[in-house]
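Everything on this sheet refers to the single structure shown next.
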Amino acid sequence: MKVIVTKDYEAMSEAAFRLVKTVVTAKPNAVLGLATGTTPLGLYARMAEDHAACGTSYREIKTVNLDEYVGLGPESDQSYVYFMRKNLFEHLDLPLENTNIANGKAEDLEAECARYNALLATLQQDVQILGIGSNGHIAFNEPGTPFGAETHVVQLAESTIRDNARLFAREEDVPRSALTMGLKNIMHARRVIILANGQNKAKAVKGLVEGPVTESLPASVLQLHPDCTLIIDEAAASLL
Ligand code: PGA
């Protein structure tokens, strides 16, 4: 794993943007694996700025997102599909039909997982962007998730519900379950870029980089990925 430590969040976002722009420029029909959460917002803002200023085109780009809350759809401002449209997609020339996010409102969630999994098999990510949870989760693969898991329905860990409660009016409003790509789908990406900032990620980052490869810290599986770059600010790197 390549580790890049940057001074702060802005420098982390800039370093990630440079790598993503290289991929999009070299391969205008690349598949981008995208993440939600607060971590990639600086990266997405730079992609939008660069598109406006330099005309970098996303017309032929395809995207696949990591996860979605069960029960939420585009009309909910807490859904991940809403988040992606608002924070990235509507600022690019990316056709919405090229974007893919598991449908949290599907009537048959198992069938939706199967559909999304089959789709992912045809859309290998040229680069997958990831954040990391304070408990070491990636996407919604919580501690204990088998490394071989594919897209599945997950009950969120208490720590994840608490972490995400800041984005909802009340903790009770945080959905208790989600659809998520599995670790196998993430490891299938040609390249992975994982981002982390802030002291509250330092312990998970230490486990990711220095700990054993263990299902109790899902992100540690990335030690086995042939092309993984970790970009972190000094606070997230403080225990390394
Ligand atoms: P965050 O979430 O970017 O909002 O910190 C990351 C995650 O839980 O994967």
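Counting starts at 1 for both ligands and their atoms, following the listed order. When reading the values below, keep in mind they use all heavy atoms of this one structure, side chains included, and skip hydrogens, waters and symmetry mates. Numbers here simply count residues along the sequence, with the first being 1.
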E215 side chain vs F147 backbone, donor-acceptor pair below 3.5 Å:
yes
Partners meeting side chain to side chain contact (heavy atoms under 4.5 Å, CB included) with T22 (sequence neighbours left out):
none
Those residues at least two apart in sequence (or on a different chain) that pass salt bridge (charged side-chain N to carboxylate O under 4.0 Å, His left out) with D126 are K27, R190
Taken in chain and number order and not counting sequence neighbours, the residues that satisfy side chain to side chain contact (heavy atoms under 4.5 Å, CB included) with L96 are R85, F89, T99
Ligand 1: which residues have a non-hydrogen atom closer than 4.0 Å?
G37, T38, T39, G131, I132, G133, H137, R166, K201
Tell me yes or no: between the side chains of H137 and T160, is some donor less than 3.5 Å from an acceptor?
yes
The single option from Y82, F83, F140 passing ring-ring contact (aromatic ring centres under 6.0 Å, His included) against Y69
F140
